[in-house]
Structures are given as C-alpha cells and as structure tokens.
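Note on naming: letters A, B, ... go to the chains in the order of the sequence lines (proteins, then strands), and numbering restarts at 1 for each one.
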Amino acid sequence: MTLWSLGLVRGVVGQIVGFAAGMALVIASRLLFGFDPVWNQEPALVGGIIIGSIGFLIGVGALTDWFKWMRGIETPLHHGPPHGRPAWTRYFGVDYNHKVIGIQYGVTGIILLGIGGMFAVIFRTELAASGFQFLNPSNYNTYLSMHGWAALAAILLGIGGMANYLVPLMIGAEDMAFPRLNAFAFWINVPGIITLLMSLNYGWDGGWTVYPPLSVLGPVGYQFTFWAVFLIGLSSILGSLNLIVTILRMRPPGMSLFRMPIFVWAVFATSLIQLTATQFIGQAFLMLSFERLLGMGFFDPDKGGAPILFQHLFWFYSHPAVYIFVLPGLGIISEILPVFSRKPLFGYRWIALSSIAIALVGFLVWGHHMFTSGYGEYLRVPFMISTLLVAVPTGVKFFSWLGTMWGGKLSFPTPMLFVLGAISVFLIGGLSGPILATTATDLFLHDTYFVVGHFHATIFGGFVFPFFAAIYFWYPKITGRMYDETLGKIHFWLMTPAFWTMSLGQMSVGVMGMRRRIADYDPALGVEFGHVLVTIAGFTIAFSVLLMIYNLLHSAETGRVAGNNPWRSRSPEWQIPSPAPEHSYASPITVVGEPYDYGIPNSTYVHMAPLAAADD
Amino acid sequence: MTTVTAALEGYTQQLRNNRMGLWLFFISEAFLFGGLLVTRFYLWGNTRPELDQTIGLIVTGVLLLSSFSMNMAETAIEHGDRRTFLGGLAVTAVLGLVFLIGVMVFEWGLFPAIYEGHLKPGDNVYGAVVFAMTGMHALHVISGIIFIAIVWNLGRKGGFSPERHWGVESCAIYWHYVDVVWIFFYPALYLIGTVAH
Amino acid sequence: MPKSATDIRHFIIAGVLVAITTVLLDLLLKAILPMPVQGSHQAQVIDQLTSWHLTLIAFLFSLVVVIMLYSLFVFRKKDGDESEGAHFEGNTVLEIAWTVIPLIVVFVFGFFGVRALSDVTRAAPDEITVNVTGFQWSWLFEYPDSGVASNELVLPVDRAARMDMTSRDVIHSFWIPEMRVKQDLVPGMTTTLRFTPSVTGEYTVDCAELCGLSHYSMVAPVRIVEQAEYEQWLAERTAGTAPALAQTGDETDADTDVETDADAQSN
Ligand SMILES: [Cu+2]
Ligand SMILES: [Cu+2]
C-alpha cells in the first residue's frame with residue numbers, strides 16, 4: 001500500500017495542481033480579453049479556489065464513476081473494503097457505503113468542531129481581561145470570524161454524519177438512494193474546508209454574517225470564505241436531496257410515514273430546509289464574490305445597490321439554518337428518551353408534525369435579525385409575531401418529552417445524561433429567544449453578548465449535546481464495543497455545568513453592556529469577572545470534549561463487547577449484529593408495529609424478514 | 001424470481017428515485033432563480049434598463065424553439081427512431097448555442113471587436129443584475145449543452161433504448177426547465193417596468 | 001411516594017415545587033442580569049417588558065426542569081428492575097392544551113410587544129434633531145439647527161432627541177446602553193432613532209455592528225445635561241472655539257481623537 005492509494009492524498013494533490021491551473025487560467029484569459037493589468041491577485045486566487053476544488057474532486061475519485069457513465073461504461077457498485085489494502089483505508093477515499101460516509105462526515109465534523117472550538121478558546125482567553133494580551137484587533141477579528149464558519153460547517157457535517165449513518169439503518173434500506181451522489185456530497189466538503197482554512201493566510205474580519213460593504217472592502221480572505229461556504233452549501237443541497245428521496249422511496253413495507261423512527265422525521269424536516277433555503281446563501285455569497293471581482297454593485301449604494309438586500313438574502317437561509325442545526329438534535333432527544341424511559345414517545349404525531357411546523361414557520365421569521373437594520377418599520381411587527389409563534393411547536397416538543405419521562409423507568413447511562421443536558425441547555429436557548437423576538441427588547445439586546453449566549457445555548461442544546469448523546473448511544477453499533485461509562489459520565493458532569501455557567505455568563509455581560517465581536521472592552525463596564533467565568537467554562541468544555549475523544553479512541557480497542565442490543569431498543573438497527581455488517585440487513589425487513597411501544601409485552605417494531613417469508 | 005425480472009425491478013425502482021431526485025433538484029434551483037428575481041425586484045423596483053429588445057426577442061424565440069426539437073428527440077427515442085433522436089438533439093444544441101451567442105456576444109458585448117455591448121457589470125445596479133441573471137441562466141444553458149453533447153455521443157454509439165433512456169429523459173426535462181426559467185427571466189429583464197435613464 | 005404515574009399527588013407536589021422555583025429563579029435572573037442605568041423614557045418601557053419576559057422565563061424554565069428532575073428522582077429505575085414503564089402513548093387533550101395555551105401567551109406578549117414598540121419609536125413634538133455620521137472608526141454629530149458639529153454627543157435631559165443617521169463606509173450601529181434603543185447606520189440611506197434622555201450624566205455611544213479593525217474602539221462620549229448647560233455648550237460651539245474634528249476614517253485610533261476633543265471641552 002502506498003500513500004498515493006489514499007483518495008484523500010490524491011485529492012489534496014489534485015487541489016494543489018488545480019489551484020495552480022486555475023490561477024494560470026485566469027491570467028491567460030485576462031491576457032486574451034485584454035485586461036490590464038494581467039496579474040491581479042484576487043481573480044487569480046478565485047480561479048485557483050474553483051479549479052482547485054474541482055481538482056480535489058477529480059483527484060479523490062468522486063467523479064470517476066460519472067466520467068465513466070459519460071463514456072457509456074457501466075459501473076457496478078463495489079461493496080466492502082478495497083482489495084489489496086487494509087480495511088481502514090476505505091475511510092480515506094471514495095466509498096459508497098452510507099455507514100462509511102456517515103463516519104467520514106461525523107469524524108470530519110468532530111475535527112472541524114475542534115478547530116472551531118480552538119479559535120474560540122484562543123479569543124476567549126484574550127477576552128478574560130480587558131486590554132490586549134496576546135492578540136491584536138486584526139487577528140482577533142479573523143479568529144472570531146473563523147470560529148463562526150468553522151463551527152457552522154462542523155455542525156452541518158455532524159448532521160450529515162448522523163443522517164447518513166442512521167437514516168438508511170433506521171428505515172431498513174440497503175443504502176441511500178444515490179450512493180455516488182452521497183460520496184460526492186461528502187467529499188465536496190473537504191476542498192471547502194481546506195479553502196476555509198486557507199482564508200486564515202489572508203485574514204477576514206466580518207464575522208460569519210459577512211455583511212457588505214465591510215466584506216466587499218475587506219481583505220481577500222473573504223473570497224476564500226465565500227467559496228468555502230458555497231461548496232459546503234452545495235454539499236448540503238445534494239445531501240438533503242438524497243435523504244429526502246431515501247426517506248420517501250426506500251422505506252420497507254409497513255413503515256408508513258407515522259411509523260418511521262422520529263429521528264427520520266427530523267431529518268426529513270431538516271432536509272426540506274437544506275434543499276431550498278441553502279440556495280439563498282450560495283447566491284448571496286456569489287454576489288459578494290462578484291461584487292468584489294467585477295465591481296457589480298448589488299450592495300453598493302454608490303451604484304444604486306442596497307446593503308440591506310444582502311441581509312435579507314443571508315437571513316432567509318441563516319435563520320432556517322438554525323433549524324437545520326437543531327431539528328436533527330431534537331430528533332435524537334426524542335429518539336433516545338423512550339429507550340431509557342422504557343415508555344412510548346409521548347405524542348409521537350405531535351412531535352413529528354412539530355418538526356415540520358418549525359421548518360415551515362422558520363421560513364417566515366428571518367427579519368427578526370434585522371430589527372435594527374433600517375428596513376421598513378412596518379416589517380418589524382409581522383416578523384415579531386411570526387417569530388414568537390415558533391415557541392408553540394417548540395413548546396410541544398418540550399412538553400412531550402416531559403410526558404415521555406413521566407411515569408417511566410428511567411436509567412441514566414451517558415447518552416441519557418446528554419439527552420437530559422440537551423433539554424436543559426436547549427431550554428435556556430429557547431427561553432432566551434422570545435425576549436429577542438420582541439422588537440422593543442431586541443433594540444436593547446441586539447448585537448450584545450446576550451445574543452451570543454442565546455444562540456450558543458440553542459446550538460449546544462440543539463446540536464452539540466444531542467450529537468454527543470448520539471455518539472455515545474450508537475457507538476456500540478458502530479464499533480461493536482462499549483465506551484467507558486465512567487469517562488462518559490465525567491465528560492457530562494464537566495461539560496454541562498460549565499456550559500450553564502458560560503451561557504448565563506454571556507447573557508449577564510451582554511445585559512451589562514458588552515457588545516458582540518469586540519476585541520477589547522472598557523473595564524468600567526464591570527464585565528471582567530463574567531468574562532473570566534466564561535473563559536474558565538470554555539476551557540472546561542474543551543477539556544471535557546478531549547476526554548470524550550480519548551474515550552472513543554481508547555474504547556474502540558479495549559471496550560467491553562457490546563452485543564447486538566445493549567440498550568434493549570426496538571429500532572431495527574439494534575436487531576442486527578454489532579458492528580453493523582457491510583450489508584446491514586441480510587434480507588429486507590417488514591414493519592409490523594409501532595416504533596416506541598415499550599411496555600407492551602411481546603410486541604415488536606420490525607420483522608427481520610420480508611412479510612411473505614415470515615408468513616410461510 | 002429470475003435475475004432478469006429482478007434487474008428490471010431494480011431499474012424501475014432506480015428510475016423512480018432518479019425522477020424524484022431530479023424534481024427535488026429543480027425545486028432547489030427554483031429558489032436560486034427565485035432569489036435572483038427577488039434581487040431584481042428589490043433593486044430595480046418598477047424600472048428596467050435599456051436593453052436591446054430585438055436581441056431579447058430573438059434569443060427568447062430561439063430558446064422556445066429548442067424545446068420543440070428537444071421534445072422531438074425524446075419522442076423519437078421512445079419509438080426507437082435513432083436518426084430523428086440524434087438529429088433533434090443536434091438541433092437543440094445548435095439553438096442553445098445561438099441563444100448563448102445572442103446573450104454573450106450581443107447582450108454582454110463579450111467580444112468588443114465583434115459587438116460593443118452597452119452595459120457593463122460594474123456600471124451600476126442595472127448592469128449588475130442583468131449580468132447576474134443572464135449569467136446564472138447562461139451557466140445552466142452551457143451545462144445543458146454539455147449534457148446534450150454527452151447524450152448525443154452515447155446515442156450515436158448505440159446507447160439508450162425505448163425502454164431504457166433515463167439519460168435522454170433527464171436531459172430533456174433539464175432543458176425544458178432551463179427554458180421555463182427564461183420565460184420568467186425574459187419579462188423581468190426586458191418587459192416589466194419603465195426604462196430608467 | 002404515590003405509585004401510579006397519574007396519581008394526583010404527584011402533580012400537586014410537582015406544582016408546588018414549580019411555584020417555589022419560579023419565585024427563586026425570577027430573583028436569581030434579575031440578579032445576574034443587571035441592567036445599566038435606566039437613562040431614558042424608552043428604557044422604562046423596555047425594562048418593564050424585559051422584567052415580564054424574565055418572569056415568564058423563570059416560570060417556563062421551572063416548569064420544564066422541575067418536572068424533569070421530579071421524574072428523574074421519582075420514576076428512576078430501581079436496581080434489578082427490568083420491567084417497562086407505564087404504557088401511554090399520548091394525550092390529545094394535553095397536546096391541544098399545550099399548543100393553545102402557549103399560543104395565547106404568544107399573542108399576549110405579541111400585544112405588549114407591539115405596544116412597547118410603538119411607545120419607544122413614537123415621535124414627540126419639539127424634538128432635537130442631530131445628524132449622526134458614522135465612519136471607520138469614529139462618530140460625528142451635527143446639530144442642523146445651530147450648525148454645530150462635534151465628536152461628542154451632548155443632549156438636554158427630558159427632551160426628545162432624534163438621530164438622523166448615515167454612514168460613510170460600512171454599516172455601524174448606534175447604541176447608548178443607558179438609553180437602551182439601538183439603530184444601524186447604513187451607507188446610502190438615512191435611518192432614524194428616537195430617545196428621550198431622563199437622567200443627566202456621562203455615557204458613551206458604542207458601535208454595535210462589527211465594522212472592521214477598530215470596531216471595538218468606535219466609542220464616543222455622550223453627555224446628558226440640563227437644558228441651560230446644553231444651550232451654553234451650543235453657544236460656545238457656535239462661537240467657533242471648538243477644536244478640530246475627527247472627520248476622516250484615516251486615524252486608526254479614534255479613541256485618542258475623541259478624548260482630546262472631550263478634554264478640550266472640560267478645560
Ligand atoms: Cu433567527
Ligand atoms: Cu462601527
């Protein structure tokens with residue numbers, strides 16, 4: 001085995017070659033069309049970014065089968081690890097198995113979460129005291145902005161990981177509807193991430209919202225961000241398309257929509273948003289890129305453009321994006337709670353439909369990010385009311401979770417602890433929402449640390465905690481072994497109180513007058529103590545996550561053998577061996593009951609054989 | 001169950017998945033084009049730039065015609081008529097190219113040596129939106145032509161049959177879709193609003 | 001402890017705990033979220049609404065967390081007990097209740113929200129108009145009635161003020177925490193912010209929208225003074241004794257600039 005046989009290595013080489021070729025192409029066409037001067041850094045770099053990304057995809061092999069199709073060559077799906085190479089190498093190249101792709105998404109997501117978290121820890125340390133310690137305003141702004149997009153990309157990848165690994169397993173499908181598209185949708189993230197990290201070299205300072213005119217006037221690092229987000233967005237669109245087809249078309253006999261595991265509903269709702277709204281951010285970022293490249297005046301008032309238009313386009317995606325981030329996590333909570341409560345999910349239909357309701361209402365509320373933007377004042381009231389309405393379906397979820405726990409037989413292994421932590425943290429995030437949705441109070445709180453506290457609680461409660469719960473919960477199915485329960489519990493008991501402290505600390509300093517995104521603050525505000533607390537909490541969270549990573553790596557070798565169904569779950573993926581075999585289900589399955597009928601003796605959710613075969 | 005019927009069943013399953021996937025892709029793209037229309041109406045309101053009406057009318061007509069030839073090609077392969085199929089595809093691609101030339105050479109003035117365009121992307125918000133909308137649409141026309149070229153090449157080598165021609169079907173639907181998008185773009189660019197000076 | 005999950009005693013105990021926690025949490029929240037000085041009429045409206053929101057938050061947080069914790073302790077699985085929980089799949093009446101009641105609460109808060117919004121944005125007769133320009137990374141305040149321009153914002157107490165604002169470069173945001181309200185400054189358009197200062201004192205106007213390198217230091221002094229002092233200040237300014245203004249975005253350290261200006265005033 002050589003290094004060259006790893007797709008990832010070939011991809012990176014492809015990206016480097018492509019980057020050079022793209023720059024050359026731009027220079028050549030500037031020469032051809034008579035531009036002066038021929039060398040202009042920014043267009044050349046953008047050419048490099050685009051062709052470099054294509055170079056990566058060609059190098060890694062994500063396009064190989066499609067190129068063959070174009071020449072009329074059939075390409076049968078290859079199953080199992082590659083021939084003549086160790087089995088682990090399949091994770092570093094194009095593989096069409098949804099479980100492999102799910103792991104690729106998940107692991108990349110965790111790595112990127114680590115990178116995003118690292119940026120946060122760096123500038124958090126700077127903020128622990130007023131005055132400049134070791135950062136200057138320039139790299140403070142860059143790290144802050146990088147933290148935003150690195151973390152958001154990490155979340156999208158984490159969701160992709162959960163959805164890809166779990167959805168086909170949960171609906172008893174052999175794989176996703178379009179395995180090649182699935183691999184493509186994953187791999188396009190990698191050049192995206194590489195591009196995003198390259199922006200560090202040039203710097204950019206707009207925060208993740210990159211509002212023009214700042215983002216048009218700022219350094220060239222912005223271009224890397226725009227295109228990185230564009231690539232990651234493309235992955236979102238293609239991945240969600242694949243998931244929707246898989247969910248609608250590949251369910252086994254007997255699994256009506258209202259008999260799907262609840263997580264599948266959540267992924268479905270998320271995918272509807274991803275499929276549609278993502279186009280808006282892609283388009284908005286392209287417009288920014290071209291405003292910089294060609295002087296197109298979309299957002300330039302001197303040319304008749306409108307800076308506020310960008311905010312509309314941006315938030316039309318980025319508000320629903322919050323639901324992209326949290327709905328799958330809320331689905332995980334609903335999925336795991338019944339297992340450790342030994343009770344049916346309370347109000348299954350209401351929870352399922354509340355996901356769809358949140359997704360739909362989510363399209364009508366984007367203007368709550370723009371109460372102070374200077375858009376027409378008449379828009380403030382409708383956006384306030386529509387936003388407050390989101391509380392209703394969200395409340396349904398909370399109350400239904402309480403109904404699920406009430407009267408159960410609750411046990412508290414690590415995944416359950418993280419689910420409970422998620423509920424408490426998401427509650428902080430959710431309850432701090434209406435005060436921001438109400439315009440009058442938002443005029444005070446907008447762009448303060450209160451908002452920072454609010455959305456970190458929303459995202460930790462809606463994504464990070466459930467994601468960790470999911471990792472611990474399905475770890476035995478993925479590896480065949482149990483994680484270390486003690487370490488898992490230490491992780492939880494470090495992270496959860498630390499996060500509560502962080503949230504309340506951020507909200508507290510925000511109310512006291514601490515603005516968002518400032519590299520330094522006036523000690524007279526009296527927020528230093530709050531910042532020290534938040535920084536300590538941040539370090540604690542970072543440490544606890546490292547503990548989890550150690551636990552996951554270590555237990556993969558030394559953990560106790562888990563068996564098929566350590567949690568006594570009814571879901572189909574727990575009825576097959578652990579780790580899940582190459583072909584998940586030896587034969588097609590049939591659904592014969594309700595997914596969460598815990599407490600009814602001898603009832604099952606699935607038959608592990610086709611109905612016809614089960615009859616004779 | 002014999003392997004032949006199993007294979008056929010697999011193909012039908014996959015075909016249905018493909019169709020749904022393609023339509024979902026269109027829904028997604030509708031948001032892209034919708035976003036461009038939003039931009040146009042936000043920035044231009046009830047005005048529009050001075051564009052060459054003759055070119056607009058010609059390219060629109062050409063693109064509409066190409067949908068007919070595309071439909072002809074698809075119907076032909078359903079009946080196993082390979083000659084008409086290939087001919088229809090070729091005509092479609094040529095009409096697509098004519099459309100592109102109309103937009104890029106005459107509306108954009110991409111080659112000033114041939115024709116000096118009267119609007120530049122960096123001029124003002126009119127140039128910006130015209131180039132954004134026609135550019136994004138042209139990108140789709142170009143990919144459509146490449147798609148047609150691939151299908152034509154495969155068809156020439158004996159690919160596709162009346163029973164199995166998903167490649168042709170998807171190519172045709174895609175082309176019609178791009179055509180329909182133009183039907184929304186054309187009035188938004190050329191007809192709605194009063195000319196701004 | 002009652003055995004059945006639907007025993008009324010469970011609900012009574014939990015209800016009492018929720019009530020106690022709500023009161024405690026309400027106190028705690030208001031302690032850890034100390035608002036700055038209530039410096040304007042708008043601040044009174046906003047603080048009132050904030051206080052109601054915090055009470056609602058305290059109640060809802062207690063409701064969910066207390067019932068959750070109650071379940072964790074009361075309904076936990078005993079060692080060696082492998083039996084399942086009580087089988088109930090849902091309750092339509094409950095689901096409708098916890099859909100409709102929050103809906104009503106939403107509309108109630110929506111109503112108060114709309115009322116508060118119209119209170120804080122209402123125009124008053126006899127407003128003082130100030131033209132505010134933001135630029136990287138400083139502020140310029142112009143008083144069109146007297147032709148005075150300044151890097152310091154001086155306003156009389158208890159008189160409605162109206163900021164007509166624009167930006168020369170990127171988006172900024174005008175925020176005096178003590179006045180509560182906030183409004184972006186957008187290049188190419190004029191935005192308006194109204195507030196009526198009610199407490200004399202020295203404050204700062206902070207830029208609340210990330211605007212580049214020195215965003216953190218885009219701060220200008222604000223003085224709310226008695227009417228007489230305000231008029232005197234204007235008169236001095238009109239007399240032309242004012243020092244040079246920070247007019248361009250070239251200075252990277254806007255702070256020093258503004259401070260010199262303020263010093264010149266107090267001397
Ligand atoms: Cu939002
Ligand atoms: Cu500013």
- Residues passing the salt bridge (charged side-chain N to carboxylate O under 4.0 Å, His left out) test with C:Asp119, sequence neighbours excluded, are C:Arg122
- Message: Working note: C:Asp184 + A:Ser373, criterion side chain to side chain donor-acceptor pair (under 3.5 Å); need CA distance, chi angles, decisive distance, verdict.
- Response: CA-CA 5 Å; C:Asp184 288 3; A:Ser373 71; 5.5 Å; no
- Query: Which answer fits A:Arg517, side chain, backbone, both or neither, if we ask what part of it has an atom under 4.5 Å from a heavy atom of chain C?
  - Reply: both
- Item | Side chain, backbone, both or neither of A:Pro307 within contact of chain C (heavy atoms, under 4.5 Å) | side chain
- Task: With rounding to the nearest 0.5 Å, note down the distance linking CD in C:Glu209 to CG in A:Leu214.
- Result: 9.0 Å
- Assert yes or no for the condition that the ring centre distance of C:His10 to A:Trp406 is strictly below 6.0 Å. yes
- Note on the structure: Turns out that what part of A:Met405 lies under 4.5 Å from chain C's heavy atoms comes down to both
- Task: Examine whether an atom of A:Pro601 lies under 4.5 Å from a heavy atom of chain C, and if so say whether it belongs to the side chain, the backbone or both; otherwise answer neither.
- Result: neither
- Query: Under 6.0 Å between ring centres, would you say that holds for A:Phe398 and C:Trp98?
  - Reply: no
- Query: C:Lys182 side chain to A:Leu443 main-chain N or O, any donor-acceptor pair under 3.5 Å?
  - Reply: yes
- Message: Using a 6.0 Å cut-off, check whether atom CZ of A:Phe529 has over 12 heavy atoms from anything other than its own residue.
- Response: no
- Check whether A:Ser400 gets within reach of chain C through its side chain, its backbone, both or neither, counting any heavy atom under 4.5 Å. both
- Query: With a 4.5 angstrom heavy-atom cut-off, which part of A:Tyr211 approaches chain C: side chain, backbone, both or neither?
  - Reply: side chain
- Given that the side chain runs from C-beta out, which part of A:Asp597 has a heavy atom under 4.5 Å from chain C: side chain, backbone, both or neither? both
- Rounded to the nearest 0.5 Å, the OG1 atom of A:Thr438 sits from the CG atom of C:Leu117 at a distance of 10.0 Å
- A:Ser411 (side chain) donor-acceptor with C:Lys77 (main chain) under 3.5 angstrom: no
- Message: Less than 4.5 Å to any heavy atom of chain C: does that hold for the side chain of A:Leu217, its backbone, both, or neither?
- Response: side chain
- If one checks every heavy atom of A:Arg349 against chain C at 4.5 Å, the contacting part turns out to be neither
- Task: Sort A:Leu525 into side chain, backbone, both or neither according to what part of it lies under 4.5 angstrom from a heavy atom of chain C.
- Result: neither
- Message: Please classify the contact of A:Asn141 with chain C as side chain, backbone, both or neither, using a heavy-atom distance under 4.5 Å.
- Response: side chain
- Task: Assign the ring pair A:Phe132 / C:Tyr216 to parallel, tilted or perpendicular, where the plane angle (0 to 90°) is split at 30° and 60°.
- Result: perpendicular
- Toward chain C, the part of A:Phe412 with a non-hydrogen atom under 4.5 Å: side chain
